[in-house]
S.K.: 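First the structure, then my questions, so here it is.
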Amino acid sequence: TRRKKAYRCTIYGESDSRSSFCVLLIASLYNVLTKNLFEKSVFNFSEKSSLDGGFGCEKLGESHGAICYCEIACLNFFSTSKFSVPFHPGFEDWFLKNLKLFEFGIQGRPTKLPDSCYFFWIGGICIICGFILPIEFLNASIFFRELNTGGFSDQIGKIPDLYHFCYSISGLSLLNF
């Protein structure tokens, strides 16, 4: 189901650039991505910019690491010579503000604690945009690992779960750690 130029992954699920990115990626992998599908699913990125330089679910809303990754990835992977969108001038500053050395991690949203899944989301932005991620942040990933099970949790001291394990390992792999 589409609403506001976004796809929903489930009937009652959220409708934002994460699901649109999945639609475009799957269509690309199956070689059925058309210009029409792309143009109908791309957001008006200038309307999704947050005041701090990132991207959110709505105009001037809270920036979100996963939303930023999906929008940056869409712009990078699926844009054409006829379609390009300039980055917000504060985007690199937004990126750097999410690196929380003294909290041992990467923050994906301004109102949330650092979370291990952002090693993937923010790490992916790092690779796409060519930003440098200091090695200290990769070393911080050790604190998110639970010693008894070897799994990763969202925050230090919490019980590991498959979601955060997957994104933590994927992010560390992306960043060659």
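Residue numbers start at 1 and run along the sequence shown.
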S.K.: Applying ring pair (Phe, Tyr, Trp, His ring centres under 6.0 Å), can you list everything that pairs with Phe21, at least two apart in sequence or on another chain?
M.R.: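 Phe21 satisfies ring pair (Phe, Tyr, Trp, His ring centres under 6.0 Å) with Tyr69 only.
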S.K.: Hey, what do you get for CD1 (Ile125) to CH2 (Trp94), rounding to the nearest 0.5 Å?
M.R.: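 Going from the CD1 atom of Ile125 to the CH2 atom of Trp94 covers 4.5 Å.
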S.K.: Working to the nearest 0.5 angstrom, can you tell me the gap between Asp52 CG and Asn98 CG?
M.R.: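 With rounding to 0.5 Å, CG (Asp52) is 8.0 Å from CG (Asn98).
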S.K.: Just so I know, are the side chains of Gln107 and Ile122 near enough to count as touching, which here means a heavy-atom distance under 4.5 Å?
M.R.: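 They are not in side-chain contact.
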S.K.: Would you say Glu62's side chain and Gly56's backbone share a donor-acceptor pair under 3.5 angstrom?
M.R.: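 Flag not set: sc Glu62 to bb Gly56 has no pair under 3.5 Å.
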S.K.: What distance do Ser20 atom OG and Leu25 atom CG have between them, rounded to the nearest 0.5 Å?
M.R.: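 Nearest 0.5 Å value for the OG-CG distance: 12.0 Å.
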S.K.: Going only through I, L, V, M, F, W and Y residues with side-chain contacts under 4.5 Å, is there a path from Phe131 to Ile127?
M.R.: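 Looking at the clustering, Ile127 is in the same group as Phe131.
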S.K.: Between Phe120, Trp121, Tyr118, which is the residue that forms a side-chain contact (heavy atoms from CB on, under 4.5 Å) with Ile106?
M.R.: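 Only match with Ile106 under side-chain contact (heavy atoms from CB on, under 4.5 Å): Tyr118.
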S.K.: Between atom CD of Glu71 and atom CZ of Arg18, what is the distance when rounded to the nearest 0.5 Å?
M.R.: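 Answer for the CD-CZ pair, Glu71 versus Arg18, is 10.5 Å.
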S.K.: Under the rule for ring pair (Phe, Tyr, Trp, His ring centres under 6.0 Å), what residues qualify as partners of Phe165, not counting sequence neighbours?
M.R.: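 Not a single residue meets the ring pair (Phe, Tyr, Trp, His ring centres under 6.0 Å) criterion with Phe165.
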S.K.: Do Phe91 and Phe95 make the cut of ring centroids closer than 6.0 angstrom?
M.R.: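 Centroid distance Phe91-Phe95: not below 6.0 Å, so no.
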S.K.: Just by modelled atom types, is the Ser153 backbone N or O under 3.5 Å from a matching donor or acceptor in the Ser116 side chain?
M.R.: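 Yes, Ser116 side chain to Ser153 backbone: donor-acceptor pair under 3.5 Å.
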S.K.: State the OH-CG distance between Tyr167 and Leu162, to the nearest 0.5 angstrom.
M.R.: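 With rounding to 0.5 Å, OH (Tyr167) is 12.5 Å from CG (Leu162).
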S.K.: Nearest 0.5 Å, what's the SG-CD1 distance between Cys126 and Ile72?
M.R.: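 Cys126 atom SG to Ile72 atom CD1 measures 12.5 Å (nearest 0.5 Å).
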S.K.: Do you reckon Val32 sits in the same ILVMFWY cluster as Leu29, going by side-chain contacts under 4.5 Å, direct or chained?
M.R.: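 No, separate clusters.
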S.K.: Please give me the minimum heavy-atom distance between Ser63 and Pro110, naming the atom from each residue.
M.R.: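 Shortest heavy-atom contact: O-CD, 3.4 Å.
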S.K.: Using the rule that two of Ile, Leu, Val, Met, Phe, Trp, Tyr join whenever any of their side-chain heavy atoms come within less than 4.5 Å, decide whether Leu113 and Ile67 are in one cluster.
M.R.: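 In one cluster: no.
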